[in-house]
Every structure is written in structure tokens, then in C-alpha cells.
2 protein chains.
Amino acid sequence: MKQKITLKQIAKELDVSISTVSKALKDSEEISIDTREKIKAFAKFYNYKPNNIALSLKNKKTKTIGVIIPEIVHHFFTTVIGGVEKIANEKGYNVIICSSNNSFDKEVINMEMLASGSADGFILSVAKETQLKKDYHHIQETINQGMPVVLFDRVIDELVCDKVIIDDAKGAQTATNHLLSLGCKNIAILTTVDYISVGKLRTRGYFRALRGFDIEEKEELVLKIEDIDNCESEIDEFLKNKNVDGIFAVNELFAVTAAKILNKQNKKVPQDVAVVAFTDGILSKHFIPSLTTISQHGENMGERAAMLLIDKLEDDETVAEEYRTVIIDTSLVERQSTKKAD
Amino acid sequence: MKQKITLKQIAKELDVSISTVSKALKDSEEISIDTREKIKAFAKFYNYKPNNIALSLKNKKTKTIGVIIPEIVHHFFTTVIGGVEKIANEKGYNVIICSSNNSFDKEVINMEMLASGSADGFILSVAKETQLKKDYHHIQETINQGMPVVLFDRVIDELVCDKVIIDDAKGAQTATNHLLSLGCKNIAILTTVDYISVGKLRTRGYFRALRGFDIEEKEELVLKIEDIDNCESEIDEFLKNKNVDGIFAVNELFAVTAAKILNKQNKKVPQDVAVVAFTDGILSKHFIPSLTTISQHGENMGERAAMLLIDKLEDDETVAEEYRTVIIDTSLVERQSTKKAD
DNA sequence: TTGTATGCGTTATCAC
DNA sequence: GTGATAACGCATACAA
């Protein structure tokens with residue numbers, strides 16, 4: 001097995017000094033054309049590639065963006081990554097993705113690993129467990145060490161850094177308003193437990209919309225789902241003997257599951273019950289009937305996050321102590337699940 | 001902004017040498033308890049973390065596995081990553097994920113970047129464009145440089161390295177057999193163009209199953225879809241005026257799209273047409289009717305790939321010049337789309 | 001035109 | 001017990 005070739009080896013083989021090789025490879029005017037050509041040919045032949053590790057050590061820069069997401073098997077997050085990569089590539093940055101798996105410990109490990117030499121800055125959405133623990137020391141420390149951090153989607157208010165979010169409450173309000181404008185009177189919400197920040201905000205938007213239409217908020221129309229993997233039974237139980245004519249679900253899975261249950265209960269979507277889901281993903285698009293959703297424009301979020309981060313990264317000296325919160329607009333994607341027309 | 005603290009700085013502050021600090025932090029017996037404690041306390045206070053870059057440079061090891069996949073927004077691939085991470089974590093390796101976006105160029109860039117210092121080995125599934133170009137020099141070079149590579153799913157026969165695959169042909173045969181055993185006589189296949197290796201293999205399995213039941217292979221029942229993003233129109237056209245009673249689709253999207261089109265044509269799944277899809281993902285699970293699938297056990301694939309890679313990585317000296325191809329069993333997941341019973 | 005020396009952060013070896 | 005030094009691979013200021 002060939003080992004990777006280094007400047008040193010080239011220098012030795014060609015009987016010149018390391019710096020000559022280094023300069024020649026950079027096409028420096030200092031070196032004679034002859035030597036340059038000779039060295040370049042040799043290097044090419046042996047497929048020389050500068051060692052990134054050494055470069056990073058020297059430059060204190062890796063030209064790499066670290067992205068940490070709670071779940072890799074999740075359409076929304078991967079969409080965001082798509083956006084990050086797009087901008088990063090344009091600006092000559094590499095993207096390294098790590099998954100925290102919603103575990104606090106893994107989030108800490110990943111951050112420390114990337115922070116100690118593998119990335120120049122972070123784009124991250126915090127793990128569920130971290131939100132629950134409210135322990136953000138690892139993020140704070142990273143920021144303190146001078147590494148820029150951009151939080152997205154699941155952000156932490158206490159942390160002073162750039163953020164990219166959507167107006168969850170407003171999106172939820174739009175969704176609920178849409179149902180209300182279709183004439184729905186009994187709108188249920190399928191949401192998460194309150195420690196999930198986005199769930200809480202979306203619930204708030206739902207209530208706000210109801211108030212806007214002077215509709216009474218009924219506790220029995222609110223379902224806070226604890227165990228997402230087992231939401232089916234919870235939703236089933238919840239929908240029994242309830243006379244809802246509209247459902248707003250804070251994610252696709254809840255919406256789809258509800259639709260399936262309604263189906264079993266012989267209630268038709270959208271004729272009997274209209275359904276809107278937060279998060280526009282692949283499930284909503286392909287479900288029958290296709291689901292009306294609130295699109296979070298994940299790719300867009302990723303792009304903006306990457307821009308914010310790279311701005312900070314390149315702003316070296318001026319040390320822009322200015323932190324921005326970008327709010328991405330949501331939009332309503334109308335599909336069959338709310339088409340009242342025949 | 002605090003900068004990250006180094007051994008050097010600690011040494012200076014405490015007025016000892018760098019090596020003393022280094023040893024103390026490793027709890028070396030050489031250093032007196034007193035000094036050790038003092039140094040450790042100080043380091044802890046300033047949140048000292050060894051710089052990975054420097055360590056990698058020294059050790060020529062990064063303890064990191066590079067994973068390159070064709071698409072990050074793809075359920076199957078992210079599932080595989082889940083498996084890789086599980087094993088990697090157990091063995092103390094980090095996982096870095098990069099997406100080639102099905103682009104040859106990006107695949108090359110990502111590989112070179114990770115190969116030149118950021119990862120010890122690779123787990124990769126080649127980009128579509130790479131398969132089309134049949135240009136594998138970047139992978140071959142990586143292997144030549146002594147970095148272990150494990151190919152999975154979309155593998156390249158010509159490359160000598162470890163591989164984790166499923167028996168695509170056999171899985172397709174199982175799927176088709178299932179349809180045949182239900183009594184289907186006119187089974188169509190929705191597949192990809194031939195340069196996609198897995199598509200080709202699955203088509204082969206389909207034919208093999210037909211022959212096993214002495215059923216004539218009809219060209220007009222085979223649809224090779226060119227443009228996946230626009231498969232709807234192709235499938236629609238294809239299914240018109242065709243009297244099929246079974247459909248085998250090489251992926252979820254084709255299956256779901258076909259089911260929706262059948263729906264429009266007032267044909268019922270499974271009563272009129274039974275449907276089986278390759279790849280078990282969330283679409284199949286949540287579609288109505290839920291789809292019978294061939295599960296590729298992506299997580300399992302990831303686990304095996306990680307094991308193979310780590311074995312090679314830790315086998316340093318013996319230079320195991322032995323390359324293994326692991327074949328993951330597929331299994332049939334029966335759901336509503338093939339339930340003939342009433 | 002080419003080469004030498006230094007430093008990036010760490011560890012291991014060897015000297016004191 | 002502690003410290004000096006070399007080495008990992010590279011770039012660069014400075015000599016020659």
C-alpha cells in the first residue's frame with residue numbers, strides 16, 4: 001500500500017528543499033520555470049494532495065462548516081442541509097454533518113469534536129433532550145471560544161447568537177385561519193408536549209387564530225402528544241366521540257395518522273373534516289388525499305443560516321458583535337385535504 | 001472573545017514546561033500529585049480541550065469515519081447512516097457525513113477533502129453520475145493510498161474492496177413471486193434506466209420470477225423511467241389501456257405514484273391491481289392502502305458496513321488483503337396493497 | 001533561484 | 001519530578 005506522499009518525500013526524491021517544493025507547487029515566481037515544471041510533474045505523477053490537517057493546524061481555519069441536527073432520518077432537517085450545502089459550496093466551504101440523535105450527550109460530544117479543530121463554525125438545531133434539560137453550556141462555551149454558531153428551527157432564546165427561525169406561531173395561525181375561513185367550527189389541534197419549543201409556539205398560534213374568529217378555546221380539542229412513536233393510539237382515543245370538522249396538526253405524521261383514523265371512522269377528508277399539517281414534506285404530498293400544509297421552506301432556512309455563518313466567519317477582524325435573527329416566511333400550500341369545493 | 005486555551009498557555013501561566021502539563025493532564029505517575037492537581041484544576045477552569053487537529057496530525061489517525069451518500073434527502077440512505085453511527089459510537093469513532101448530491105464532481109471533492117486528513121476510511125454509495133461516467137479513479141486512488149473503503153448499495157464491481165449489498169435480483173424475485181402467488185398474471189414493472197445498477201438487477205429478478213412461473217416476458221409490461229422527478233406522466237401514459245393486475249415498482253415513489261394513478265383510473269388497490277414496492281420507507285407505511293414492500297434493512301446495512309470498515313482500520317499491521325462482500329437479506333413486508341382477502 | 005528556520009498543538013523520548 | 005527536543009506536514013519570512 002502506497003502511503004500518501006508529502007512535500008518532504010518529494011523534496012527528498014528530487015533533492016531539493018521542502019520549501020522549494022512548496023513554492024513550486026504554488027507556482028511561485030521565485031522558483032525557476034525548470035524546477036517548477038519538474039516538481040509539478042513529479043507531484044502530479046504521485047498524486048500529491050496537501051494534507052488538510054496540517055493546513056488547518058497552520059491556518060487555524062478549516063474552511064468547514066459543522067452542521068448538527070437532531071435526526072438524520074428526518075426530511076425537514078435534510079432539506080435544510082441541502083440549503084446549507086448550496087451556499088457553502090458557492091463560498092468554498094465544506095459541510096460536515098453530524099447527528100445528535102436527539103441525545104444531549106451526543107450533541108455535546110459532536111460539538112466538542114468538531115469544535116476542537118474540524119470546523120470553523122456551527123449551524124445547529126438542538127436535541128430534544130437538550131431542550132428538556134435546559135443545559136446549554138456546550139453551546140455557550142463554543143460561542144465563548146470565539147466560534148460562530150447559528151441556531152435554526154429549535155433555537156434557545158437565552159443564547160446570544162445568530163438565529164434562523166420561522167414564525168411558528170404565525171404559521172400555525174395561518175393554518176388555523178385557513179380552516180376557520182373554510183367554515184370549520186370545531187377545530188382540534190394535535191401538538192407536542194410543551195417543552196418542544198416549536199410545538200408550544202404552534203399551539204399558541206392556534207389559540208390566537210381562534211380568538212381572532214371569536215371562537216371559544218376548548219381544552220378538550222387540544223391533544224398534546226407525548227410519545228411520537230406511538231401517536232396512533234393517542235390520536236385514536238382522542239378523536240373518538242369528538243365532533244371535529246377541522247384538524248390542525250403540528251407535523252406531518254400526526255396529520256397523516258389522524259387522516260387514517262378518520263378514514264377508519266368513516267369520516268371523509270376533506271368533506272367531513274378538513275386537515276392542515278405544519279411542515280411540508282413528502283408524506284403530505286403523496287398522501288391521498290394530499291395534505292394542505294404550512295411550508296417551512298427548509299432549503300431557504302439552510303441557505304440563510306449558511307450565509308449568516310459565513311458572514312461571521314469572514315468578518316474576522318471587525319468582530320461583528322451583532323447578532324441577527326432571521327425569520328423565514330412560511331406559506332400555505334393548499335392541497336386536497338382542505339378543498340371544500342366539490 | 002476568548003481564544004481556545006492550549007498546553008503552551010497553561011504551561012506559561014503556571015510556569016512549568018509544556019511536557020509537564022501534557023503529562024499531568026494524562027495523570028502520569030511521573031508528575032507529583034501536587035502539580036498534577038494544580039494543573040488539572042487550572043485546565044478544567046479554562047475548559048481545556050486537546051486540539052483534535054494537532055492530534056490527528058501526530059497520530060495519523062482521526063478516529064473518524066467518512067460517509068458519502070448520493071442524496072441526503074433520502075430515507076434509505078439516512079437509515080443506513082443510522083446503522084453506521086450506532087456501531088461507530090460503540091467503537092469510539094466519529095461519523096462525518098457528506099452528500100455528493102449525485103454529482104460526480106462533488107463526490108470527488110468530498111472524497112479528496114476527507115481523504116486528505118479528515119477521515120481514516122470511507123463508507124460510500126456512489127453517485128448516479130459516477131455510475132454513468134464509469135469513472136472511479138478517485139475511489140481507486142483512495143484505496144491505493146491505503147485508506148479502507150466500504151461500498152454499499154450502489155457498488156462498483158471493478159473496485160476491489162469491501163462491499164455491503166443486498167441481493168437486489170433476489171429481492172425483486174421475491175416481490176414478483178409474491179404477486180404471482182396471489183394469482184396475478186399480468187405483472188408490470190416500473191424500473192429505472194439500466195445504468196442504475198440496482199434498477200437493472202431488480203429488473204433481472206422480475207424476469208427470473210416470471211420464468212419460474214412459466215409466464216411470458218412481455219416488453220410492453222416493462223417501463224424504464226428516465227426522469228424520476230417527472231415519473232408521473234410517464235407512468236400515467238404507460239398504464240393507460242393496459243390490463244395489469246399486479247405492479248412491481250423498484251422504489252417507493254414509483255409505487256405510490258402508480259397507486260395514485262390507478263386510483264384516478266378507478267382501479268382499486270389491491271382488489272384490481274396488487275402493488276409491491278422495493279425499499280421499505282415511510283411513504284409505503286403511511287400510504288392508503290399501505291404498501292407491501294421489500295425491506296432492505298438499511299440500518300442493518302449501515303451496521304455491517306461500519307463493522308467491516310472498523311475491522312480494516314484496526315487491523316493495521318496484518319494488512320488484511322482480504323475483501324468481503326456482505327449480502328444483507330431482504331424481507332417481504334406484507335401490507336394492504338397485496339391483501340387479496342376480503 | 002534556492003534553502004533555512006520557525007511555528008501551528010500535541011506527544012513521546014530522553015536528559016537532567 | 002520536571003523539562004528540552006523532535007516529529008507530524010505545511011507555509012512563509014528571511015538568509016544566502
Side-chain angles (χ1 to χ4, degrees), chain A residues 2-40 42-43 46-63 112-120 145-147, chain B residues 2-40 42-43 46-63 112-113 115-120 145-146:
Chain A
K2 271 191 296 191
Q3 263 307 301
K4 239 173 287 175
I5 195 161
T6 68
L7 286 187
K8 196 180 188 174
Q9 292 167 45
I10 300 182
K12 195 172 161 193
E13 291 296 323
L14 262 40
D15 207 31
V16 292
S17 79
I18 296 181
S19 46
T20 305
V21 178
S22 171
K23 287 171 189 166
L25 258 21
K26 302 198 106 66
D27 231 350
S28 160
E29 298 291 341
E30 283 183 46
I31 308 297
S32 70
I33 298 269
D34 269 12
T35 339
R36 252 190 277 171
E37 291 308 322
K38 194 175 63 183
I39 292 176
K40 284 202 280 186
F42 188 89
Y46 282 100
N47 191 31
Y48 169 78
K49 295 270 160 51
N51 181 320
N52 277 336
I53 288 278
L55 285 182
S56 308
L57 183 58
K58 193 152 181 49
N59 304 330
K60 310 269 215 128
K61 287 220 173 130
T62 62
K63 273 281 188 180
E112 289 183 348
M113 168 223 168
L114 294 181
S116 61
S118 303
D120 298 336
Q145 283 172 357
M147 299 193 72
Chain B
K2 270 192 295 190
Q3 262 308 300
K4 239 172 288 174
I5 195 163
T6 67
L7 287 187
K8 197 178 185 175
Q9 292 167 46
I10 301 183
K12 195 173 161 192
E13 291 297 322
L14 262 38
D15 208 30
V16 291
S17 79
I18 297 181
S19 32
T20 304
V21 179
S22 174
K23 286 171 189 166
L25 258 20
K26 303 199 106 66
D27 232 348
S28 159
E29 298 291 342
E30 283 183 51
I31 309 298
S32 70
I33 297 267
D34 269 11
T35 341
R36 253 189 275 170
E37 291 308 323
K38 195 176 62 182
I39 291 177
K40 285 202 278 185
F42 189 89
Y46 282 100
N47 191 33
Y48 169 79
K49 294 269 160 49
N51 181 321
N52 277 336
I53 287 279
L55 286 182
S56 309
L57 183 58
K58 198 156 179 46
N59 303 331
K60 308 265 216 133
K61 286 215 176 138
T62 61
K63 273 283 191 178
E112 289 184 348
M113 167 221 169
S116 61
S118 304
D120 297 335
Q145 283 173 357

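Each chain gets a letter, A, B and so on, in the order the sequences are listed, and its residues count up from 1.
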Item checked: Given D/dG9, D/dG3, C/dT10, the nucleotide with the shortest approach to the side chain of B/Val16 -> D/dG3
Checklist line | Among D/dT2, C/dT10, C/dG3, the one nearest B/Thr20 by side-chain distance | finding: D/dT2
Notebook entry, point to check: To the nearest 0.5 Å, what is the distance between CG (A/Asn51) and OG (B/Ser56)?
Noted result: 9.5 Å
Note to self: Nearest 0.5 Å, please: how far is CD1 in B/Ile5 from CG in B/Asn47?
What the structure shows: 9.5 Å
Next item on the list: Please report, rounded to the nearest Å, how far the P atom of D/dC8 is from the CG atom of A/Asn52.
Entry: 19 Å
Item checked: End axis versus end axis in the helix from C/dT1-D/dA16 to C/dC16-D/dG1, the angle rounded to 10°, five pairs used at each terminus -> 60°
Check: How many Å lie between CD1 on B/Ile39 and P on C/dT10, as a whole number?
Finding: 14 Å
Checklist line | Separation of atom CG in B/Leu57 from atom P in D/dA6, rounded to whole Å | finding: 17 Å
Next item on the list: May I have the distance from B/Leu25 (atom CG) to D/dT2 (atom C1'), rounded to whole angstrom?
Entry: 15 Å
Notebook entry, point to check: Are the side chain of B/Asp120 and the backbone N or O of B/Lys61 linked by a donor-acceptor pair below 3.5 Å?
Noted result: no
Checklist line | Nearest-angstrom distance from the residue atom NZ of A/Lys49 to C1' of D/dC10 | finding: 17 Å
Next item on the list: Keeping to residues at least two apart or across chains, list the salt bridge (charged side-chain N to carboxylate O under 4.0 Å, His left out) pairs with something in residues 15-28 of chain B.
Entry: B/Lys23-B/Glu30, B/Asp27-B/Arg36, B/Asp27-B/Lys40
Notebook entry, point to check: Counting distance only, does the side-chain N/O of A/Asn52 pair as donor-acceptor with the main-chain N or O of B/Met113 below 3.5 Å?
Noted result: yes
Next item on the list: Indicate, with a heavy-atom threshold strictly under 4.0 Å, whether A/Ser56 touches base, sugar-phosphate, or nothing.
Entry: nothing
Margin query: What is the distance, to the nearest angstrom, from the CD1 atom on B/Ile10 to the P atom on C/dG9?
Written below: 12 Å
Item checked: Nucleic acid footprint by protein, nucleotides 11-16 of chain C - heavy-atom cut-off 4.0 Å, B for base, S for sugar-phosphate alone -> BBBB--
Next item on the list: Examine distances only and state if a side-chain atom of B/Ser116 and a backbone atom of B/Glu112 form a donor-acceptor pair shorter than 3.5 Å.
Entry: yes
Next item on the list: Could you tell me whether the side chain of B/Ser22 and the main chain of B/Ile18 form a donor-acceptor pair under 3.5 Å?
Entry: no
Checklist line | Spacing of CZ belonging to B/Phe42 relative to CG belonging to B/Leu14, to within rounding of 0.5 Å | finding: 5.5 Å
Next item on the list: Could you check B/Ala54 against B/Arg36 and say which one's nearest nucleotide on DNA chain D is further toward the 5' end?
Entry: B/Arg36
Margin query: Taking 4.0 Å as the cut-off, does a side-chain nitrogen or oxygen of B/Thr35 come that near to OP1 or OP2 on D/dG1?
Written below: no
Next item on the list: Starting from P on D/dG9, measure out to CD1 on A/Ile53 and report it in whole angstrom.
Entry: 11 Å
Note to self: Checking the side chain of A/Lys49 only, and the main-chain atoms of A/Lys4 only, is there a donor and an acceptor separated by less than 3.5 Å?
What the structure shows: no
Item checked: A/Lys8 NZ - D/dA6 C1' separation (whole Å) -> 10 Å
